[in-house]
There are 2 protein chains.
Amino acid sequence: MFAQTFCQVSISRICCVHKEWKANLLKKIDNYRPTLADVAAEADVSAMTVSRALREPGRVSEETRNRINAAIEKLGYVPDPAARTLAAKRSDIIGVIVPSVTNSVFSDVMNGIYSVAENTPYQIQFGNSHYSPIEEERLLRTFLGQKPVGLIVSGIDQTPTSKALLEKAPCRVVQIMETAPDPIDMIVGFSHRDSAVAATRHLLDQGYKKPGMLAARMDPRAQRRVEGFRQVATERGRWNEEAVVMTPARSSVTLGGHLMADLLSKVPETDAILCNNDDLALGALFECQRRGIKVPEDMGICGFNDLEMMAAAYPSLTSVRTFRSEIGKQATHMLLAALSGEGPAEMMHDVGFEVIARQSTQRRPG
Amino acid sequence: MFAQTFCQVSISRICCVHKEWKANLLKKIDNYRPTLADVAAEADVSAMTVSRALREPGRVSEETRNRINAAIEKLGYVPDPAARTLAAKRSDIIGVIVPSVTNSVFSDVMNGIYSVAENTPYQIQFGNSHYSPIEEERLLRTFLGQKPVGLIVSGIDQTPTSKALLEKAPCRVVQIMETAPDPIDMIVGFSHRDSAVAATRHLLDQGYKKPGMLAARMDPRAQRRVEGFRQVATERGRWNEEAVVMTPARSSVTLGGHLMADLLSKVPETDAILCNNDDLALGALFECQRRGIKVPEDMGICGFNDLEMMAAAYPSLTSVRTFRSEIGKQATHMLLAALSGEGPAEMMHDVGFEVIARQSTQRRPG
DNA sequence: TTGTACGCGTTATCAA
DNA sequence: TTGATAACGCGTACAA
């Protein structure tokens, strides 16, 4: 059933490569890097003027600036970030802490951050907290040691120590992914509770009577979404604790199928589910197909995040669209604005969300 | 059809936050960081000894070492990486260049890299080349400016300039994702051509007669996979140029549906497809369901990478499993081994692949 | 507009 | 085993 293939790497090849590498090492020794002083000598000015030409071109006469640029070009000068950081007492690093790098939600956020930071003199440095506040605290200390110009951290549930570190950090801080009345400095995100509220209302408005919820990776945001579901279900008299299936396990399509099966065994009359994310929703859909349960007639399915695949599925899947890339972009823009001195236009930004209704919750023929 | 909700942020709230922030700024001023000298004074030794105690504990007597550690603890000393880098003339940064941070293939690789680098003194710095060799070259220069201890770059198709930079770089280099007879230094990956060969053979062995291929984001690796498909199809007399639908566009589930539709309009008799990745395969499956084409009876589908969802789909989807996380881990291990001086056991490592046969290519019952 | 003196916090070298 | 001294390459403060 399985076919496996490996390429053979011959021993002789390895030896050969090794010999070549030694030769390379010798070449690497003449790796002299020109310094500011070298450029200065070449351009016949002082090192200070070169430094200025680089950072405040306006304060250097055009003629000398041209000479300097020519010298830089000729020597192939590249500034030494370490020396700069040491002298200036602050680096051009923007530290970013996310709970996961594989979760596509955060990939999108990271992408957004990169896209606006890319054309600035700032460097992005990522840290992966693995959803652990303790890890986050450790990362924070590491980052702080690098004298960053700014910090972007995920969520609002930092440990007290982390909060304290962030509050007295000598740099600007942006919290992302959520909204909160009391941000440490700046914040951009949306209300997870409200978005679940809107999604649950959508399900009930479509005529489903026995809604359930599937949730995994119960981080603070997932919990707030469950809260939103509970609120609406309770308000409308549709609350059934049994119909909420949660697990701290990592979310996945496979898990979505398992949770769906779980739910059906506990509450067979369930006719709609709100999933904590799109992977679970897709898994639930497959499980329904496997069991011959018709979607959306017998089971309404709503996901969360609106990943690209949701629109392409058959039936297409309803989801709550979140603006992940936008969060990353906005956070970085706010930070840059704050750094530029003009101060950001706002300290808090809500990027909102949208319930995107598709076939999977279209109970009433439309 | 759509519901949209925004949270209101009151103006008064903003002002309030702004005032608080000013107060914080004042606090931030007393942000004194103890230095080596401070620790030295506290422990009543010289700065040099403290520095040694940190990096080569064995060369400091146990008694002084204890005094020093106590002082470090008491003062909350954190080494300054910039100063260290400047003095040592090399940083503890490992630069990593990937073509995309949202593509889950590279997320997995990044995760693997992190997982082994996390407990070392080295810092991972990512760069996103956006599949552009020019961007890659630019990133390379930036990284090189940081005097990294090691570089991990994706693929083997660097520009000549990039290759030259890497060859004379004063640090170790690991190329990842592919195999090649002439790596710059070290390399870990697998043969994309061979993996496509194995997958295509699987399709034909299952009894499919008119195989086609769907491919997007035609990067060098995608092209090599198409090559593998062509080779086997030709060998077995099943080659039809029309049946290969390619596009340089970014891959997605939606695109998979479109490409499938394209293929069916060009070559309606197609009875199996090899997809360049799993997103395309999933989209193709949905497209078949939409059209009432039975999988695997009327259409065999094989994806590439074996993302988690493939096993959970209905019908479950055949795919070529690739060891992405493993590539990241191995690359980092090789680098660490090389840095530790003992030299890596091997300069090239092939992580292989596996064709995971599932329902979607099970033409013959059994 | 340009330059001088000095310090940033650490490590390498050599000596004790 | 420990310490003194001199870099490392650049930016700040001030002066010219």
Side-chain angles (χ1 to χ4, degrees), chain A residues 29 31-69 71-72 75-93 121 123 144-149 170, chain B residues 29 31-69 71-72 75-93 121 123 144-149 170:
Chain A
I29 290 178
N31 223 287
Y32 183 73
R33 273 181 70 176
T35 71
L36 265 192
D38 296 326
V39 177
E42 179 73 28
D44 202 34
V45 291
S46 79
M48 198 50 241
T49 307
V50 180
S51 175
R52 269 202 207 91
L54 250 30
R55 291 171 300 123
E56 314 164 278
R59 290 186 48 186
V60 173
S61 79
E62 186 168 345
E63 197 232 301
T64 38
R65 207 190 314 145
N66 291 145
R67 262 205 339 274
I68 290 173
N69 286 334
I72 288 179
L75 270 48
Y77 168 77
V78 179
D80 184 328
R84 171 176 295 182
T85 299
L86 185 58
K89 286 189 246 202
R90 56 186 194 76
S91 71
D92 36 24
I93 288 178
Q123 296 282 327
L144 253 12
Q146 307 197 34
K147 303 174 196 145
V149 281
Chain B
I29 290 178
N31 223 287
Y32 182 72
R33 272 182 70 176
T35 71
L36 265 191
D38 296 325
V39 176
E42 179 73 29
D44 201 36
V45 291
S46 78
M48 201 49 239
T49 306
V50 179
S51 175
R52 269 202 208 91
L54 251 31
R55 292 170 300 124
E56 312 164 279
R59 289 187 48 187
V60 172
S61 78
E62 186 168 344
E63 197 232 302
T64 40
R65 208 191 313 146
N66 290 143
R67 266 208 331 275
I68 289 173
N69 286 334
I72 288 178
L75 270 48
Y77 169 77
V78 179
D80 183 327
R84 169 175 297 185
T85 300
L86 184 59
K89 287 189 250 201
R90 55 185 194 78
S91 71
D92 37 24
I93 287 176
Q123 296 283 327
L144 253 12
Q146 307 196 36
K147 303 174 196 145
V149 281

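Predicted, not measured: the structure shown is a model, and the values here were computed from it. In what follows, chains are A, B, ... by sequence order, proteins preceding strands, each numbered from 1.
Sequence order on DNA chain D of the closest nucleotides to R59(A) and V45(B) puts V45(B) first from the 5' end. Closest-nucleotide positions on DNA chain D for G58(B) and L86(B) were compared, and the one nearer the 5' end corresponds to G58(B). Of the residues near DNA chain C, A82(B) and R55(B), the one whose nearest nucleotide (by heavy atom distance) lies more toward the 5' end is A82(B).
dG9(D) atom C1' lies 10 Å from atom CG of D38(A), rounded to whole Å. Taking atom CG on L75(B) and atom C1' on dG9(C), their separation rounds to 15 Å, with Å as the unit. Distance CG (L36(A)) to P (dG3(C)): 13 Å, rounded to an integer number of Å. Computed from coordinates, the Q146(A) CD to dG9(C) P distance equals 16 Å when rounded to whole Å. Atom CD1 of I68(B) is separated from atom P of dG3(D) by 8 Å (rounded to the nearest Å). In this structure, R33(B) atom CZ and dC8(C) atom C1' are separated by 11 Å, rounded to whole Å. Regarding E56(A), its CD atom lies at a distance of 12 Å from the P atom of dA13(D), rounded to whole Å. Rounded to a whole Å, the CG atom of D80(B) is 18 Å from the P atom of dG7(C).
To the nearest 0.5 Å, the span separating OG1 on T49(A) from CZ on R59(A) amounts to 10.5 Å. In this structure, CG in L54(B) is found 6.5 Å from CZ in R84(B), a value given to the nearest 0.5 Å. Atom CD1 of I72(A) sits about 12.0 Å away from atom CG of D38(A), to the nearest 0.5 Å.
Set against dG11(D), dT13(C), dT2(C), the side chain of T64(A) has dT2(C) as its closest nucleotide. Of the candidate nucleotides dG9(D), dC10(D), dG3(D), dG3(D) has the atom nearest to the side chain of S46(B). The side chain of V60(B) lies closest to dT2(D), out of dT2(D), dT2(C), dG9(C). With dT2(D), dC10(D), dT4(C) as the candidates, the nucleotide lying closest to the side chain of M48(A) is dT4(C). With distances taken from any side-chain atom of K89(A) to the nucleotides dC10(D), dC8(C), dG11(D), the minimum falls on dC8(C). Comparing dT10(C), dC10(D), dT2(C) by their closest approach to the side chain of T49(A) singles out dT2(C). With dC8(C), dT11(C), dT2(D) as the candidates, the nucleotide lying closest to the side chain of R84(B) is dT11(C). Candidate nucleotides dG11(D), dT2(D), dT2(C) were compared by shortest atom distance to the side chain of S61(A), and dT2(C) ranks first. In the set dA4(D), dT2(D), dC8(C), dC8(C) carries the atom at the smallest distance from any side-chain atom of A87(A). The side chain of A83(A) lies closest to dC10(D) when the candidates are dT12(D), dG9(C), dC10(D).
Tested against D80(A), the residues K89(B), K147(B), Q146(B) include a single side chain to side chain donor-acceptor pair (under 3.5 Å) partner, K147(B).
Applying the 4.0 Å criterion to OP1 and OP2 of dG9(D), one finds that Y32(A) has every side-chain N and O outside that range.
A side-chain donor-acceptor contact under 3.5 Å links R33(B) to the backbone of V78(B).
Across all strands shown, T85(A) has no heavy atoms under 4.0 Å from either base or sugar-phosphate atoms. Base engagement by R52(A) is indicated by at least one non-hydrogen atom pair under 4.0 Å involving a base atom.
Applying the 6.0 Å contact sphere to CD of E56(A) captures more than 12 heavy atoms from other residues, nucleotides or ligands.
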